[in-house]
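Heads up, the thing below is written out as structure tokens.
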2 protein chains.
Amino acid sequence: MYEQLKKSLQEHVTLSDKEWELCKHSFRPKRMLKRQFLLQEGDVCRELAFVEKGALYSYSLDMSGNKRVIRFAFEGWWMANLQSFFTGKPTRLNIEVLEDSELLILDRKNHEMLLEQVPPYERYHRIIVQNAYVALQRRVENALGLTAEEKYERLIAESPAFLNRVPQHLIASYIGVSPETLSRVRGSYNR
Amino acid sequence: MYEQLKKSLQEHVTLSDKEWELCKHSFRPKRMLKRQFLLQEGDVCRELAFVEKGALYSYSLDMSGNKRVIRFAFEGWWMANLQSFFTGKPTRLNIEVLEDSELLILDRKNHEMLLEQVPPYERYHRIIVQNAYVALQRRVENALGLTAEEKYERLIAESPAFLNRVPQHLIASYIGVSPETLSRVRGSYNR
DNA sequence: AAAAACTCTTGATATATATCAATGAATGTG
DNA sequence: CACATTCATTGATATATATCAAGAGTTTTT
């Protein structure tokens, strides 16, 4: 149940057994089924979720009620709305379960306790957020000013794993094109 | 010369006098003039820059040679290409001086020394990157799927300071529209 | 097994925005 | 001060992509 978490921590920092036990017991396991919501628009995000198994995605709804996918999270990834988590303000985002999942939930109090008590945990978190920032910046570069075809090519190059696990219309939303356009881009690809 | 840096640190963490001295002396001051380059495409980013005074911006060049603005940095902000800084690989970005500037430069060795030696510095960095991540995610939301007019409205709402200090064509690039379109959006606004 | 809901594809049309081009204003430079 | 750059505006046109609409194939639900 905690394999992915342990693996993720060990990839970036070294923990004593005692530190690991303290981390481990700060999380609460939670199973969720496809289509369930981890967070809904208007809620305050009070917890961080670590994905042990399965897949989640977050999105906002535009004025016409269309989903605007923000990001996906698979095994070994974190998911939350950090803005709401840190500010305590209601979120504009929904987090929905894409595949039946096993999550490890960490509430704010425990998160802060770990940051204080376990220095490698704070280091881990710095590195994780750093990496997420770099990836996100790359995404901004790919979102602005590219054609639909270029966006799709870059997705294939940079995040091929998404293609097998995520419905095409969510991919379309993620790269900021309509589902029809993505379908046509893919169509012209096969010729 | 170190006012902004001290202010930025104190906003997020508490440092002993000794820790502050250690931080301070790890930086190297550097003056730069408008149009000079802090980093050029193909270079490896080996330093973090903190802006004491002035303004910088980073951008990549698309296939047609047009600038694609990634971000701006004013007093109290950090600037670097983190991807290149952490991986040691050559950057695709240019960092150019927008207004004559006073920078504080921190090389990788000193950065890592501070992370090790000064716990509040690591905490500061975690928080800074966290905040940058939240801001960047907001930007992705604003970049994808909005009309030119909506993008401009959100920029006014969220980063009004940019408008006074940055030429309009760079703003246009930053929000991902052509300079002509931005000009027209602004024009229709004044009526 | 039938019905319902979801997903992808394909076609026709509309539209927002890029592109091309010219002009004038503002700014910097020898 | 003349000259060259840079910058913003405006018009005409082209084009990529959204939107609207229908149908076929899947998957899910009852």
Side-chain angles (χ1 to χ4, degrees), chain A residues 32-37 55 57 59 61-69 72 94 96-100 142-156 162-191, chain B residues 32-37 55 57 59 61-69 72 94 96-100 142-156 162-191:
Chain A
M32 294 191 78
L33 299 176
K34 189 171 174 171
R35 276 164 224 267
Q36 287 187 310
F37 284 83
Y57 70 111
Y59 60 89
L61 293 171
D62 70 14
M63 289 181 312
S64 321
N66 300 314
K67 285 182 186 175
R68 312 267 320 281
V69 174
F72 303 103
N94 300 281
E96 193 176 327
V97 178
L98 193 60
E99 303 170 5
D100 297 354
N142 292 344
L144 290 170
L146 295 191
T147 66
E149 187 167 352
E150 288 165 336
K151 288 180 188 178
Y152 184 62
E153 278 168 3
R154 296 220 179 164
L155 186 79
I156 291 175
F162 290 8
L163 299 173
N164 307 319
R165 293 182 75 171
V166 178
Q168 196 170 305
H169 66 280
L170 294 183
I171 295 278
S173 170
Y174 181 73
I175 63 177
V177 304
S178 71
E180 294 92 336
T181 295
L182 180 57
S183 173
R184 280 184 256 262
V185 167
R186 284 169 45 87
S188 69
Y189 243 70
N190 303 333
R191 270 169 252 129
Chain B
M32 294 191 76
L33 299 176
K34 190 170 174 173
R35 276 164 224 267
Q36 287 187 308
F37 284 83
Y57 71 112
Y59 60 90
L61 294 171
D62 70 14
M63 289 182 311
S64 321
N66 300 315
K67 284 182 185 175
R68 312 266 320 282
V69 174
F72 302 103
N94 300 281
E96 193 175 329
V97 178
L98 193 59
E99 302 170 5
D100 296 355
N142 292 344
L144 290 169
L146 296 191
T147 66
E149 186 167 353
E150 288 165 336
K151 287 180 189 178
Y152 184 62
E153 279 169 4
R154 297 220 180 165
L155 186 79
I156 292 174
F162 290 7
L163 299 174
N164 306 319
R165 292 182 75 170
V166 178
Q168 197 170 303
H169 66 280
L170 294 183
I171 295 278
S173 169
Y174 181 73
I175 63 176
V177 304
S178 70
E180 294 92 337
T181 295
L182 180 57
S183 174
R184 280 183 256 262
V185 167
R186 281 168 46 88
S188 70
Y189 242 70
N190 302 334
R191 269 170 251 129

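Source: prediction; values computed, not measured. Chain letters run A, B, ... following the sequence lines, proteins first and then strands; every chain starts at 1.
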dC7(D) P sits how many Å from Lys67(B) NZ, rounded? 7 Å

For a quick test of reading the model: is some side-chain N or O of Thr181(A) closer than 4.0 Å to OP1 or OP2 of dT17(D)? no

Rounded interatomic separation in angstrom, taking CD1 from Ile171(A) and P from dT9(C): 13 Å

Closest approach of Leu98(A) and Arg165(A), non-hydrogen atoms and distance? CD2-O, 4.0 Å

Heavy atoms only: give me the nearest Asp62(A)-Ser64(A) pair and the separation to one decimal. OD1-N, 2.9 Å

OP1 or OP2 of dC6(C) less than 4.0 angstrom from a side-chain nitrogen or oxygen of His169(A), does that happen here? no

Is any side-chain N or O of Gln168(A) closer than 4.0 Å to OP1 or OP2 of dT9(C)? yes

Taking atom C1' of dT9(D) as reference, at what distance in whole Å does atom CZ of Arg186(B) sit? 11 Å

Between Leu170(A) and Val69(A), which heavy-atom pair has the shortest distance, and what is it? O-CG2, 3.7 Å

Note: Ser173(B) and Lys67(B) closest approach over all heavy atoms is OG-O, 3.1 Å

Gap between atoms CG and P, on Leu98(A) and dC6(C) respectively (whole Å): 15 Å

Separation of atom NZ in Lys151(A) from atom P in dA16(D), rounded to whole Å: 14 Å

Counting only distance, no hydrogens or angles, is the base of dC8(C) paired donor-acceptor with the side chain of Glu180(A) under 3.5 Å? no

Take the protein atom CZ of Arg35(B) and the nucleotide atom P of dT29(C), then report the distance between them rounded to whole Å. 7 Å

Can you tell me the distance, in whole Å, between the NZ atom of Lys34(A) and the P atom of dA5(C)? 16 Å

May I have the distance from Met63(B) (atom CE) to dT19(C) (atom P), rounded to whole angstrom? 11 Å

Taking donor-acceptor contacts at under 3.5 Å, does the side chain of Arg184(B) reach the base of dT19(C)? yes

For a quick check of understanding: with a heavy-atom distance under 4.0 Å over all strands, which category does Gly176(B) fall into, base, sugar-phosphate or nothing? sugar-phosphate

Per Ser178(B) side chain, nearest of listed nucleotides dT19(C), dT28(D), dA8(D): dT19(C)

Do Tyr174(B) and Val166(B) have side chains that approach each other closer than 4.5 Å (heavy atoms only, starting at C-beta)? no

